[in-house]
Structures are given as C-alpha cells and as structure tokens.
Amino acid sequence: MSAALHSSRPLLTIRSSWSLRVTACSMPLRAKITNPAFLAKAQMATATSTDPDDVLFEVNRAARIIRLNRPRKLNALNESMIAKMTPRITEWGKSDAAKLLIIRGEGGKALCAGGDVAALLDVPPTKSSAFFTYEYTLDYILATYPKPIVTFMDGITMGGGAGLCMHTPFRVATEKTVFAMPETLIGFYPDVGASFFLSRLDGELGTYLAVTGERLNGFDSYIAGAATHFVPSEKLKDLESRLAELDAVEDLTGSRKYNAVINNAIDDFQSEVPADYKFFYGGDNRNTIDACFKFETLEEITDALTKAADAGDEFARTTLDTMDLRCPLSMKVALAAVRKAKTIDILETFKNDMFIASKFMNEPDFYTGVSYRVVQKQNGRAKWKDASNVDVAKYWPTGNEIPPVLQTKFDKLHKLGADRPGDAVAYKEYPFQNGLPTEKEVERFVLGEAKDSGPFLATKEEVTEHFLVEYRGKVGVREKVFEILDRKTKLVKGHEDDKLINWV
C-alpha cells in the first residue's frame, strides 16, 4: 500500500474552521485498497519514495480532497504521487459516502507544474515509458470518473498538471493561473490526453497552444475554455468548504442535476471581470491564429505566418520567433495529434499517447530538450534534430507495430471501464459543458440553427442577452460573446440602422 497509508498521519485532516461539521461516513479513514494491481504499484512507489506525504488525502463531509504536496518542486508529478492517488481515487469512486472529488496543490504557487521529467534522464526508455503509462492511466480514470471532480488551477498548471484537470468537469482558474502544454519546448509533445482537449477549443486556438506551447494567464484561461470558472485565490478555501457541504441531489451523484448544483455553487464565488480586461487571444490575434494554423502541415503554417509577418503582423512575427525555439519534431507530432484527436474518442486518445510517448523515449530530442531547459535552465535554442523529412505516421499505433507489452497496457486501459456504458468511458465529446458559451454555440444561434434561436435576425445586444439568460448571468459571458460577435459577424446589408447581424 502507499506510503501515506503506512504512516501514522491520519487520512482525515481536521481543520478548526470546520471540524465540528465533519460527519461520519461509511468509508474508513484509512481506505482499504483491494485491487492487487494497484497494491503492487503502490508498494513499488513506497519502496522508492523519500516523501511519504507528497500527496495528502482528506475527508470533509461529502467531499474527498487530494492535495498535491511538493511545493518546493511546484507539486511536480512523480511516480510516487501517481501510485498513491490512483488506488485512492479508484476506491472513492466506488464509495457511496464520497459525492465529489476536489484536487488542489499546496504552497500557493501551483496546482502542478507538470511531470517530473528531469527524473527520467538517467533511466532506460522502458522505465520512462512505464512512468507515462501510469500517468495516463490516472488521467484516464479522472477523465471518465463516475462522480464530479473540481480542480483548483491556482497557479502554474502545466503539462502533467494540466492532465490532472483538463478532462474534469469543473476547472477553477484564479488570477494566479498559468495554463500551458509546453512540451514542444523540451522535445516532447502535448500528451496526457491534451490533443483531445485542445482540439475542442474554439477555432484553431488549441492547435496554436499545442504547437507553440504558449500560455493562458488568469482570466484568459477562463475565456479560452481551459477553465470553466474564475474565482479569486483568496476565496478557494471558502469554496472548498461550501462544496463539501453539498449533498448529492436525490442520491444522483454524477447526474446532470447534481452537476448543476455544483456549477451554481462555484458560480456564487466568482468575481467580476478584471478592470479593462481584453482577451489576449481575441480580435486580430485570433484572426491570425485561425488563418495560419488551419493547415495540415507545419511547413504550411510557417509559410502562412511568414506572409502575415511580412505584411506587418507583429503577432505572427512573435509566433515565428516562439516556434523557432521549439523542437521541429515535437511541433509536427503535436499538430498531427490535434488533427487526429478531433475524430476519435477519449480512450483512443490515451492509447495513442502511450504509444507516442514510448516512441519519444527513444528520440534524442527529448533528452536534449529536458537537459537543456529543465536541468541546465537555458533559454536559447536547443540543438534539435532536423525533422524536415520525418514521417509522423510512425508515431501512431497501427496493428502489428504495437509491442506486446504495450498491447497489454492497452487491454488494461479498456478493462478500467468494462462495467460502465461505452459513452461514459469512450466519449467523443465531454459529457458536461460548465464553462462559457463556445464559438460554435454562438454561431448556431446567429445562423438560426439553435433550437431556441428561430429564423429571425438579431442584434449583438440581443444575442448577448440570450446567452446571459441561458448561462444565468455567468461572469464573462458578455465579454466572450461580444468578442466572438465583433470578430465573426457583420451588419446585414440594408439593415444597418437596425444593427442586425449575420455570421461571416
């Protein structure tokens, strides 16, 4: 069993602010882990871990809380942490007393800055591949969890840290949030199911983020769709207590009714839009992203950016400078991954990630990038391999090419959801939409294709009011809808005085 279970630390951490409100539950405080595979994995981590408290577990009424506790390492994810979390999360998923899961980071600077990749430099590729397999299994469990999960993206949320939150239905950003999948900078690619998540963001924004590894800061992460809510960091403690007090409506944990209860509770803690806020990836910058990142090859994207930069587009020029520092192979695989992920399900995405990661562990670029950026902390351009003639198809599993050991891991991933409906464990669209309206939603309404839009033209104000009502006045709705309408609509000819708009 995990080190946390062997230690004398109680699993129930009672805080003075809410100790009198903790109620008894049927699940033991020292949760009994019964799955032999998880036991073996946890025991392996116990033998090698030097910190038995790198993950803390709490029970607070209906909530089960996981605290990543490596603040000096910005809560970077390692095998020890994964081995502790996987069995506990699995058991809580089966407990009638556990109604929802909360994941957060200790230290105030990060949820999780990513996987501890520096630790992989001195181990053989098979060992590195095994780490990623454990990580992706945990991410897949979270992505298909039978109960609501709320993640606090308070601070740095990158790479493996993003993997812990991006597939969960409630992702709470704060003013300190820094969200990114920066793997192309270290000779890797956006893994942890990120291609599935990013390919479903508005327009080509996800493609841009995957290829460049650029960041979404604070409120931008909320407007972009990386987060579903925006709550000031100082309110997270109170929000955690409020969530713990929620009871599952009619014992329908995981239902849309309970989802709405949690969604509304988080909305109550949201703050106003920051003063003078402007979405960095909106307006002209977004037009450049959509125009240049719509292509199927990295060469076409680079050519489009170059033409835009030559025409005076400073954002395009900055993007080219950014991409020049990235690993060419990584960018090509990232682009292909996002394109493929648009049409496959979440399970297939993680299977692909396992295969691709195993390929990268045999590529010199990964070791070059991690050593240069993470260990040496250099800021220039690493000595990447030439990738002009690379065939990215070899990075995807195709039948007989799958090694037997990896096929065994695929089979285990399938069995994780064998007793649940297929649409719960192999969905093509996320089951819950708790964030702001998507661009597709706004487009359908303007075009009269939404069920409640009708065949009539509308003004920007009328469209915005519709979404404010539909989303119960959610913070940020007005700003996002207006940004979309400013960029994607124009006045209808002959109706300029009425200010009626249509999609362009």
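- Counted by atom type alone, Arg472 and Asn264 present one or more donor-acceptor pairs between their side chains at under 3.5 Å.
- Applying the side-chain contact (heavy atoms from CB on, under 4.5 Å) rule to Lys488 yields the partners Glu439, Ile484, Trp503; only residues at least two apart in sequence or on another chain are considered.
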message: Would Glu483 and Arg478 count as a salt bridge (charged side-chain N to carboxylate O under 4.0 Å, His left out) here? Give the steps.
response: CA-CA 8 Å; Glu483 190 282 320; Arg478 181 181 300 278; over 6 Å; no

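- The aromatic ring centres of Phe131 and Tyr134 sit 6.0 Å or more apart.
- Note that CD of Glu245 and CD of Glu240 are 11.0 Å apart. Values are rounded to the nearest 0.5 Å.
- The ring pair (Phe, Tyr, Trp, His ring centres under 6.0 Å) search around Tyr208 returns Tyr281, Phe293, Phe315, not counting sequence neighbours.
- Here Phe482 pairs with nothing under the ring pair (Phe, Tyr, Trp, His ring centres under 6.0 Å) rule; sequence neighbours left out.
- The aromatic rings of Phe467 and Tyr471 sit tilted relative to each other, their planes meeting at an angle between 30° and 60°.
- Annotation: Phe445 is in aromatic contact with His466 [ring centroid separation under 6.0 Å].
- Between Phe188 and Phe132, the distance from one ring center to the other falls under 6.0 angstrom.
- Under 3.5 Å, the side chains of Lys237 and Ser241 contain no donor-acceptor pair of N or O atoms.
- Cation-pi check for Lys340 over Trp396 is met; the charged atom lies under 6.0 angstrom from the ring centroid and within 45 degrees of its normal.
- Under the 30°/60° scheme for interplanar angles, the aromatic rings of Tyr430 and Phe196 are found to stand perpendicular.
- Remark: Lys109 NZ is loosely packed, at most 12 non-hydrogen atoms of other residues, nucleotides or ligands lying under 6.0 Å away.
- Separation of the Phe360 and Tyr395 ring centroids falls under the 6.0 Å cut-off.
- Within 6.0 Å of atom NZ in Lys235, more than 12 heavy atoms from other residues, nucleotides or ligands are found, so the atom counts as buried in its surroundings.
- To the nearest 0.5 angstrom, Arg104 atom CZ is 11.5 Å from Leu56 atom CG.
- Within 6.0 Å of CZ in Arg215 there are 12 or fewer heavy atoms belonging to other residues, nucleotides or ligands.
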